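Please read all numbers here as calculations on a predicted model, not as lab measurements. Letters go in sequence order (proteins before strands), and every chain restarts at 1.
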There are 2 protein chains.
Amino acid sequence: MDARSEGEAVTSEASSDPHAEAASRLQAAGQRYTSGRRELVEALAGAARPVTLPDIESIAPGLARSTAYRNLEALERCGVVHRLETGGDHAYFELAESLLGHHHHLICVTCGAIADIELDGETESRIDDSLAAAARESGFVPLHHSLDLYGRCSSCDAAA
Amino acid sequence: MDARSEGEAVTSEASSDPHAEAASRLQAAGQRYTSGRRELVEALAGAARPVTLPDIESIAPGLARSTAYRNLEALERCGVVHRLETGGDHAYFELAESLLGHHHHLICVTCGAIADIELDGETESRIDDSLAAAARESGFVPLHHSLDLYGRCSSCDAAA
DNA sequence: ATTGAAAATGAGAATGAGTCTCACTATAGT
DNA sequence: ACTATAGTGAGACTCATTCTCATTTTCAAT
Ligand SMILES: [Mn+2]
Ligand SMILES: [Mn+2]
Ligand SMILES: [Zn+2]
Ligand SMILES: [Zn+2]
């Protein structure tokens, strides 16, 4: 089943290969796509949800912590990785929206788990319009929005 | 000019007095509304936007740092204060939505400044509906959402 | 193939926001 | 006043993240 199967809205602009994307974006910034960076991108592409640095370490052991953080930052500056701050102990990392497509999150207030969700295009454009109107009033130049739903994941809800 | 001046939609459920609200909520939890806590609420109520702990210290000097954090957490547990994690060095604090009314934020990616905005009710209910639909698919129990617009504030945009 | 300049790495030190400890003080009810 | 409970403040502490710097890789140019 192809991601573009008939009848499905093409909401994501995901490029076919995150590695190709990462390589070219790094190169454009005079940086190299080293094996360590490739492992990071591979780990993020393989995870179905945003992951913390400890998560990454367990998926791809052997990466020095300082290097992992440094490379996540480099990938973030190139627009390959996106960092989520949720208020928990660790930051979460995922592939950027240019690779994963625009989406939002469900965040469990009990266990901190994060899941990706997509909204319909109608709602998205209505959000963009309303935000743009509010921004205009104060001369704020819009770049992108984040929208997260907080609640209880099914397993935490079961335990209550 | 009253907040309920004629013709203005009453979108906020803000209670008239944040202090009364804080006192009763704390009391309900067996806690006291001390002068230090009152100063915190006063500082948050006086600020037109979310503030950091250093901001609070300059508004209300003399509060011990450990006590300020401890009390912000206590007020947060009572639903009087809301903590925003933006990824900057410090967390931001504001009065909770039960006091300020439901709203969203403009966040400057350059200087970190935050401003409050409100969206029209149509958009809000559309958002709630779409999020609820997405949550239902995974058995996630919705509690509340956060929606922030990232971009450049007018002064940071001028310097570019 | 060799070389050299620039970029990346890894181990550990450093940073710093936020939390914890604990001895002391304030509060409220009796 | 007495007592039990809650709050305070100074500073120690934690630990995620960033910084340092000596060493190693990469890559393009010879
Ligand atoms: Mn959206
Ligand atoms: Mn909203
Ligand atoms: Zn959960
Ligand atoms: Zn700004």
Side-chain angles (χ1 to χ4, degrees), chain A residues 19 22-44 50-78 80-94 112 114, chain B residues 19 22-44 50-78 80-94 112 114:
Chain A
H19 294 295
S24 82
R25 293 206 189 208
L26 283 168
Q27 210 156 41
Q31 313 220 313
R32 297 164 187 170
Y33 196 40
T34 61
S35 64
R37 291 175 178 179
R38 207 179 321 261
E39 282 185 72
L40 280 178
V41 170
E42 190 69 19
L44 294 180
V51 292
T52 63
L53 196 98
D55 292 337
I56 293 174
E57 282 177 325
S58 68
I59 298 171
L63 299 176
R65 207 163 264 210
S66 56
T67 305
Y69 274 116
R70 193 194 303 122
N71 284 338
L72 285 167
E73 190 195 337
L75 291 165
E76 193 185 9
R77 275 199 309 265
C78 293
V80 173
V81 162
H82 179 235
R83 182 188 307 228
L84 290 175
E85 307 276 354
T86 64
D89 287 350
H90 297 264
Y92 283 79
F93 298 91
E94 65 180 354
I114 304 181
Chain B
H19 293 296
S24 84
R25 294 206 187 207
L26 283 168
Q27 210 156 40
Q31 314 221 309
R32 298 164 187 170
Y33 195 40
T34 61
S35 63
R37 291 175 178 179
R38 206 180 320 263
E39 282 185 71
L40 280 177
V41 170
E42 189 68 21
L44 295 179
V51 293
T52 63
L53 196 97
D55 291 337
I56 293 174
E57 283 177 323
S58 67
I59 297 172
L63 301 176
R65 205 165 268 208
S66 57
T67 305
Y69 274 117
R70 193 194 303 123
N71 284 339
L72 286 167
E73 189 195 338
L75 290 165
E76 193 185 9
R77 276 199 308 266
C78 293
V80 173
V81 161
H82 179 236
R83 182 189 306 231
L84 290 174
E85 306 277 354
T86 63
D89 288 349
H90 297 265
Y92 283 80
F93 298 91
E94 63 180 355
I114 304 182

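- Taking the side chain as every heavy atom from C-beta outward, B/Ile56 and B/Leu72 approach each other to under 4.5 Å.
- Within the 4.0 angstrom heavy-atom criterion, only backbone atoms of the sugar-phosphate kind lie near B/Thr34; the bases stay farther away.
- Judged purely by atom type and a 3.5 angstrom limit, A/Arg38 uses its side chain to pair as donor or acceptor with the backbone of A/Tyr33.
- Residue A/Thr67 places at least one side-chain N or O under 4.0 Å from the OP1 or OP2 atom of C/dG10.
- When the P atom of C/dG29 is taken as reference, atom CD of B/Gln31 falls 15 Å away, rounded to whole Å.
- Backbone-only contact: A/Ala91 has heavy atoms under 4.0 Å from sugar-phosphate atoms and none from a base.
- Listed nucleotides D/dT26, D/dG7, D/dT8 differ in distance to B/Asn71; the shortest reach to its side chain belongs to D/dT8.
- Distance, B/Leu53 CG to C/dG16 P: 16 Å, rounded to whole Å.
- Toward the 5' end of DNA chain C, the nearer of the two residues B/Glu85 and A/Gly62, judged by each one's closest nucleotide, is A/Gly62.
- Using cut-offs of 30° and 60° for the angle between ring planes, the A/Tyr69 and A/Phe93 rings count as perpendicular.
- For the pair B/Tyr69 and C/dT19, the criterion of a side-chain N or O lying under 4.0 Å from OP1 or OP2 is not met.
- Each of A/Arg83 and B/Arg37 was matched to the nucleotide of DNA chain D holding its nearest heavy atom; the match closer to the 5' end belongs to B/Arg37.
- Between the CG atom of B/Leu26 and the P atom of C/dT27 there is a distance of 15 Å, rounded to whole Å.
- Counting any heavy atom pair closer than 4.0 Å across all strands shown, A/Glu73 reaches no nucleic acid atom.
- When the nucleotides D/dT17, C/dC20, C/dA11 are ranked by their closest atom to the side chain of A/His90, D/dT17 comes out on top.
- The distance between atom CD of B/Gln27 and atom P of D/dT5, rounded to the nearest whole Å, is 18 Å.
- At whole-Å resolution of the value, CG in A/Asp55 and C1' in D/dA16 are 14 Å apart.
- Following rounding to the nearest Å, B/Glu57 (CD) and D/dA10 (P) show an atom-to-atom distance of 12 Å.
- Mapping A/Arg65 and A/Arg70 onto DNA chain D via the closest heavy atom, the residue that lands nearer the 5' end is A/Arg65.
- At whole-Å resolution of the value, CZ in A/Phe93 and C1' in D/dA16 are 10 Å apart.
- Ranking D/dA6, C/dA17, C/dA6 by closeness to the A/Arg32 side chain, first place goes to C/dA6.
- Nucleotide C/dA8 holds its P atom 16 Å from the CD atom of A/Glu39, rounded to whole Å.
- The CG atom of B/Leu63 lies 12.0 Å from the CZ atom of B/Arg37; values are rounded to the nearest 0.5 Å.
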* To do: Report the C-alpha separation of B/Leu44 and B/Leu75 in whole Å, then their side-chain angles, then the decisive distance to 0.1 Å, and conclude whether the side chain to side chain contact (heavy atoms under 4.5 Å, CB included) test is met.
  => CA-CA 12 Å; B/Leu44 295 179; B/Leu75 290 165; 5.8 Å; no
